[in-house]
Visitor: 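Quick one: the structure is below, and I'll ask about it shortly.
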Amino acid sequence: MNNILQAASQPRYNSAMSRTATQILEEARLLPPSEREWVAHGLLIDEIEDIDPEWAAEIERRVADADSPNAVTGSWDELEARLRGRLSQ
């Protein structure tokens with residue numbers, strides 16, 4: 001498991017984290033997935049500095065493409081089958 005994910009899953013009741021932060025974390029875990037994602041994104045984006053403007057534009061383009069009604073999507077099972085087919089050639 002990724003160290004960051006592992007650390008985030010561990011209780012952090014110590015002097016470095018205030019009771020308020022602990023409460024916020026516990027409450028955030030109760031949010032619906034889309035709201036948890038919004039909160040996590042908001043927290044992470046604050047930590048990202050010095051992103052190359054071209055890369056930031058590319059990320060925005062890809063997100064817009066994925067959110068577009070014309071986006072071609074599929075299930076994990078479909079993707080896995082396509083990848084396995086390619087690997088078996």
Side-chain angles (χ1 to χ4, degrees):
M1 178 184 273
N2 181 311
N3 288 341
I4 294 171
L5 294 177
Q6 189 174 29
S9 68
Q10 301 294 322
R12 304 279 315 256
Y13 301 104
N14 60 40
S15 60
M17 181 181 281
S18 70
R19 184 161 195 259
T20 303
T22 301
Q23 289 172 332
I24 291 169
L25 179 60
E26 289 171 357
E27 290 173 14
R29 287 182 172 151
L30 298 174
L31 293 171
S34 63
E35 291 181 25
R36 271 197 321 264
E37 180 181 342
W38 182 83
V39 169
H41 178 266
L43 292 171
L44 290 173
I45 204 68
D46 287 345
E47 297 297 320
I48 299 172
E49 296 177 5
D50 301 325
I51 294 178
D52 181 283
E54 290 179 23
W55 180 235
E58 178 66 14
I59 292 168
E60 291 296 326
R61 185 192 65 76
R62 290 182 186 193
V63 169
D65 286 349
D67 288 342
S68 162
N70 300 326
V72 177
T73 62
S75 70
W76 167 249
D77 292 334
E78 293 167 336
L79 176 61
E80 184 179 30
R82 284 191 0 234
L83 292 173
R84 288 188 185 280
R86 287 182 187 174
L87 291 172
S88 67
Q89 292 177 355

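For the numbers below, each heavy atom of this structure counts, side chains included, while hydrogens, waters and symmetry mates do not.
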Visitor: Applying a strict under-4.5 Å side-chain criterion to I, L, V, M, F, W and Y, I'd like to know whether Leu31 and Leu43 cluster together.
Guide: yes
Visitor: If you round to the nearest 0.5 Å, how far is CD of Glu27 from OG1 of Thr20?
Guide: 10.0 Å
Visitor: Could you grab the distance from atom CG of Asp77 to atom CZ of Arg82, nearest 0.5 Å is fine?
Guide: 12.5 Å
Visitor: Can you establish whether the number of heavy atoms outside Gln23 located under 6.0 Å from its atom CD is more than 12?
Guide: yes
Visitor: Please name the pair of heavy atoms, one in Arg29 and one in Arg36, separated by the smallest distance, quoted to 0.1 Å.
Guide: O-NH1, 3.6 Å
Visitor: Inspect the surroundings of CZ in Arg84 and state if more than 12 heavy atoms from other residues, nucleotides or ligands are less than 6.0 Å away.
Guide: no
Visitor: State whether the number of non-hydrogen atoms from other residues, nucleotides or ligands found under 6.0 Å of Glu58 atom CD is greater than 12.
Guide: yes
Visitor: CG of Leu30 to CG of Leu25: how many Å apart, nearest 0.5 Å?
Guide: 10.0 Å
Visitor: Determine yes or no for a side-chain-to-main-chain donor-acceptor pair under 3.5 angstrom, with Glu35 supplying the side chain and Pro32 the backbone.
Guide: no
Visitor: Looking at Ala66 and Ala71, what are the two nearest heavy atoms and their distance?
Guide: O-CB, 3.6 Å
